Amino acid sequence: MDKTSKVKYMKRALELASEAEKIGEVPVGAVVVNNKTGEIIGEGYNRRETDRSPLAHAEIIAINEASRNLGGWRLIDCDIYITLEPCAMCAGAIINSRIEKVCFGAFDPRFGAVGSAVNLFDGRFNHCPEVESGILLDECSEVISDFFRKLRREKL
């Protein structure tokens, strides 16, 4: 995938992150892309508070939608673009869905499971996606930082 396409998909993930923020959720967005056609086949944004579910992460929602759209759980020839490094649960779902490549923007030093806190893609499993980090890093980091800064101010 060329740089222009990667930026386009990450910008869409940022738009989805904005939707999450509008409803009071941590602003994380994700899109699943068929890497052969360039078509977005799944989208999601965080909905944990809204859905009252620990499973309602952007990646899980996008993966579920992509699976429904393709009619199966194997997301062969698919990449995922996420504004924030996946947590352990989402990294596990990515492994199990056979997504080929993970592209994320901001790093998550506390919960990131693709190299920051731990690396679940280190070769121990039967499928290890390729990873590209730092796509629109500044924009993705700013969205998360601004959200938590605002949250801390409101709690004072």
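Counting begins at 1 with the first residue of the sequence. As the structure is a computational prediction, the values presented were derived from the model and not from experiment.
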For a quick test of reading the model, state the closest non-hydrogen atom pair linking [X] to [Y] and the distance between them.
{"X": "P86", "Y": "A91", "answer": "CB-N, 4.1 Å"}
{"X": "A13", "Y": "V31", "answer": "N-CG1, 4.3 Å"}
{"X": "P54", "Y": "R48", "answer": "O-CD, 4.0 Å"}
{"X": "I60", "Y": "M89", "answer": "CG1-CE, 4.0 Å"}
{"X": "N96", "Y": "R98", "answer": "O-NH1, 2.9 Å"}
{"X": "C140", "Y": "A106", "answer": "CB-N, 3.7 Å"}

Quick check: does any side chain N or O of [X] sit under 3.5 Å from a backbone N or O of [Y], one acting as donor and the other as acceptor?
{"X": "R110", "Y": "D108", "result": "no"}
{"X": "N69", "Y": "I41", "result": "yes"}
{"X": "E39", "Y": "N34", "result": "no"}
{"X": "H127", "Y": "I94", "result": "no"}

Check against side chain to side chain contact (heavy atoms under 4.5 Å, CB included), V143 and L14: CA-CA 8 Å; V143 167; L14 280 163; 3.9 Å; yes
Answer with yes or no whether the hydrophobic clustering places [X] together with [Y]; edges join I, L, V, M, F, W, Y residues whose side-chain heavy atoms lie under 4.5 Å apart.
{"X": "L137", "Y": "V131", "value": "yes"}
{"X": "V33", "Y": "V102", "value": "no"}
{"X": "I99", "Y": "I61", "value": "no"}
{"X": "I23", "Y": "V26", "value": "no"}
{"X": "I82", "Y": "F107", "value": "yes"}

Approximate separation, where rounding is to 0.5 Å, of [X] [atom1] and [Y] [atom2]:
{"X": "L136", "Y": "M10", "atom1": "CG", "atom2": "CE", "result": "6.5 Å"}
{"X": "C90", "Y": "I63", "atom1": "SG", "atom2": "CD1", "result": "7.0 Å"}
{"X": "C128", "Y": "E100", "atom1": "SG", "atom2": "CD", "result": "13.0 Å"}
{"X": "N46", "Y": "L16", "atom1": "CG", "atom2": "CG", "result": "11.0 Å"}
{"X": "I80", "Y": "Y9", "atom1": "CD1", "atom2": "OH", "result": "13.5 Å"}
{"X": "S97", "Y": "L75", "atom1": "OG", "atom2": "CG", "result": "4.5 Å"}

side-chain hydrogen bond (donor to acceptor under 3.5 Å, both in side chains) partners of E15, counting only residues at least two apart: R12
K101 NZ: over 12 foreign heavy atoms closer than 6.0 Å: yes
With D2 via side-chain contact (heavy atoms from CB on, under 4.5 Å) - residues at least two apart: T4, S5
Partners passing side-chain contact (heavy atoms from CB on, under 4.5 Å) against R124 (at least two apart in sequence or in another chain): L120, D122
Side chain to side chain donor-acceptor pair (under 3.5 Å) pairs, two or more places apart, involving residues 20-31: E19-K22, E25-T50
Pairs flagged by side chain to side chain donor-acceptor pair (under 3.5 Å) wherever residues 74-85 is involved - sequence neighbours left out: N35-D79, E85-S116
L70 side chain near C78 side chain, heavy-atom distance below 4.5 Å: yes
Any side-chain heavy-atom pair of V114 and F104 under 4.5 Å: yes
Partner residues of F147 under the ring-ring contact (aromatic ring centres under 6.0 Å, His included) criterion, sequence neighbours left out: none
Salt bridge flag under 4.0 Å for residues E139 and K11: no
